[in-house]
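Just so you know, these numbers come straight off a predicted model, no measurement behind them. Proteins come first, then strands; the chains are lettered A, B, ... in the order of their sequence lines, and each starts at number 1.
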Number of protein chains: 2
Amino acid sequence: MVRRLTSRGLKRRDQLINYAASRFAENGFHPTSVTEIVNGLGVGKGVFYWYFDSKEEIFIEILRGAQRDLRRYQQKAIENESDPVARIEFGIRASIIWLANHPDFFTLLQFAATDEKFSRLIRAGEEIAVQDVAQHIREGISQGRIDEGDPLFLGHAILGVTNQLTRVLLFEKKRDPSVVADAVVRFALGGLRGFSGVIAAGAMGGK
Amino acid sequence: MVRRLTSRGLKRRDQLINYAASRFAENGFHPTSVTEIVNGLGVGKGVFYWYFDSKEEIFIEILRGAQRDLRRYQQKAIENESDPVARIEFGIRASIIWLANHPDFFTLLQFAATDEKFSRLIRAGEEIAVQDVAQHIREGISQGRIDEGDPLFLGHAILGVTNQLTRVLLFEKKRDPSVVADAVVRFALGGLRGFSGVIAAGAMGGK
DNA sequence: TAAAAACTTGACCAGTCAGTCAAGTTCTCC
DNA sequence: GGAGAACTTGACTGACTGGTCAAGTTTTTA
C-alpha cells in the first residue's frame, strides 16, 4: 500500500499498528479480526483498508518495525566497544532489555516464527542478527578466546538461549532483566568457550 | 470425550490424529478446518465429532501424545548411564534424534507454545523435561564438574539451544542429526561449565 | 474559494467456519 | 437372530470472516 499520508494519516496509521499489535499479542493473529481492531479504536472498517491492503500486511509492518527497532538498539549498545567478546555480551544484554520493554513484540515474533506466512521474514531478521554476532565470534576465535567452531552455529545457539531464558525467566517467572541477562551471558560465554571433553571425561566412551 | 471404542474405533481415532497432525503441521492450526480434515480422509464430518468434542481437543491429544512419546524416548536413552553429565548429553542426543524422526511434531510443539490456548500444556511438559535435566545438573554440581548456578535456569538454557539449533540446522539447513547433536552438546556442556570472567576479562569494566 | 486529495463511514457481499443432528449402517454380544 | 451399541453420513445452522465500495467529511493546495 503506497499513499501520501498527511500528519493526521501518519498518526492514524501508527495508532492502528500499535493497537493491532497489542490485540495480536493478546489474542493471537488468526483469532483477532479486523472488525475487532477497528471497533476497539472506534473507527469504521474503511479506515483499516485505507492504510493496509490486508490483515497480513499490517502484521508484516508490525514485525518489520520491531526488528528494525531491536537491531538499532543492539547496535547502539555495542558501538563504543571494540572487544569482540564484550560486544557479544553487550548485545545479549541490550536484547534482553529491549524485550523487557516490548513484551508484546516478543510474543509476536515468537508466533510469527511458527507461521508459514511470516517465518521467512523472521528467519531473515534472525539471520542478520546471527551474522552480526558471528562476526564477533570470528574475531574471538582468531584471538584464541573462543574455541574453534562454526560461528553461525554458535550465533544461533546464543539466540536460542536468549530467547528461551527471556521467555521463561523474564516473562513467565518475572525475574529481573539483569538477572536474566546474567544467566544468559554466563551460559552463552561458557558455551562459546566450548567443551573439550573435560567435564564428562570420566563417563563417555563415544564422542 | 469418553467413549467405549472398538478396535475399529481406535483405528479411526488414530487415523484422525495422525492426519490432523500432518495438516496442522503443514497449514497451521487455525487455517486448517475440520472439513478439510474429514474430506482428506474421505469421511463425513460426524466421524470427527464422534471421537472429539472440538478441534481444540484433537490438537491437545496430539500434543500430549507427542510429549509422552518424546519423554519415553529420552528416558530409554539414559536408563543405563549413571554419570550425570553423560545423562545430559545422551538426553540431548535422544531428543534431537526423536525430533528428526518427528518433524511434524516439532512444528506443532513450536506453534502450541505461542498460542494461549495450548501454551499451558507445552510449558508443563517443558517444565518436566527441565526438572529431569536439572536433577542431573545438581549431581554434576555436587561432583564439582559443573559450576554453581541455578539448575532450572541451566536446564532451560539447554532446552533453548537444543530447540534453536534443531530448528535451524536440522530442519532449515538439513544438517545431519549427529552434526546438530554435536553442536548442541558442545555448546550446552560448555555453557554448563560456565564462564568465570576468563574469556572477556580483557574488556569489561562493568558486568 | 474551489477543486482535488486525504480520510472516514458502515452497510454489504460472498465465502467459510465449528459444530449439530436425524437418519442410516455395521458390529457385538447374548 | 435380534437388540442395542458403535459408528457413519452429510445437509444444515447461525455466527463470523476478510474485504469492498458508494457516499460523505475534512484537509490541503493553488
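- Note: CZ (A:F59) to C1' (D:dG19) measures 19 Å, nearest angstrom.
- Taking the side chain as every heavy atom from C-beta outward, A:E56 and A:F118 approach each other to under 4.5 Å.
- Note: CG (A:L5) to C1' (D:dT26) measures 15 Å, nearest angstrom.
- In this structure, B:F48 atom CZ and C:dG19 atom C1' are separated by 10 Å, rounded to whole Å.
- Comparing atom distances between the B:T6 side chain and each of D:dT28, C:dC17, D:dA6 picks out D:dA6 as nearest.
- One can place CD of B:E36 at 18 Å from P of C:dG15, the figure rounded to the nearest angstrom.
- Comparing D:dT8, D:dT9, C:dC7 against the side chain of B:R8 picks out D:dT8 as the nearest.
- Which of D:dG18, D:dT9, C:dG19 sits closest to the side chain of B:K45 comes down to C:dG19.
- Distance from the side chain of A:Y49 is smallest for D:dT20 among the nucleotides D:dT20, C:dC7, C:dA18.
- Residue contacts for A:V47: at a heavy-atom cut-off of 4.0 Å it reaches a base atom on one of the strands shown.
- Looking at heavy-atom distances under 4.0 Å, A:F52 makes no contact with the nucleic acid at all.
- Atom CE of residue B:M1 and atom CD of residue B:E61 lie 11.0 Å apart, to the nearest 0.5 angstrom.
- In this structure, B:F111 has its ring center at least 6.0 angstrom away from the ring center of B:F24.
- Counting heavy atoms from C-beta outward, B:I158 and B:F187 have side chains that stay 4.5 Å or more apart.
- Taking 4.0 angstrom as the limit, B:R4 places none of its side-chain polar atoms (N or O) nearer than this to OP1 or OP2 of D:dA5.
- Along DNA chain C, the nucleotide nearest B:T32 and the nucleotide nearest A:R12 are compared for position; the residue whose nucleotide lies closer to the 5' end is A:R12.
- Atoms CD and CG, on A:E26 and A:L108 in that order, are 12.0 Å from each other to the nearest 0.5 Å.
- For the pair A:W50 and C:dC7, the criterion of a side-chain N or O lying under 4.0 Å from OP1 or OP2 is met.
- Using a 4.0 Å heavy-atom criterion, one finds that A:G9 contacts the sugar-phosphate atoms exclusively.
- We find that CZ of B:R13 is positioned 15 Å from P of D:dA6, with the value rounded to whole Å.
- Rounded to an integer number of Å, the gap from CG of B:N39 to C1' of D:dT8 is 14 Å.
- Atom CG in B:N27 sits about 11 Å away from atom P in C:dC17, given to the nearest Å.
- Computed from coordinates, the A:K55 NZ to D:dC16 C1' distance equals 12 Å when rounded to whole Å.
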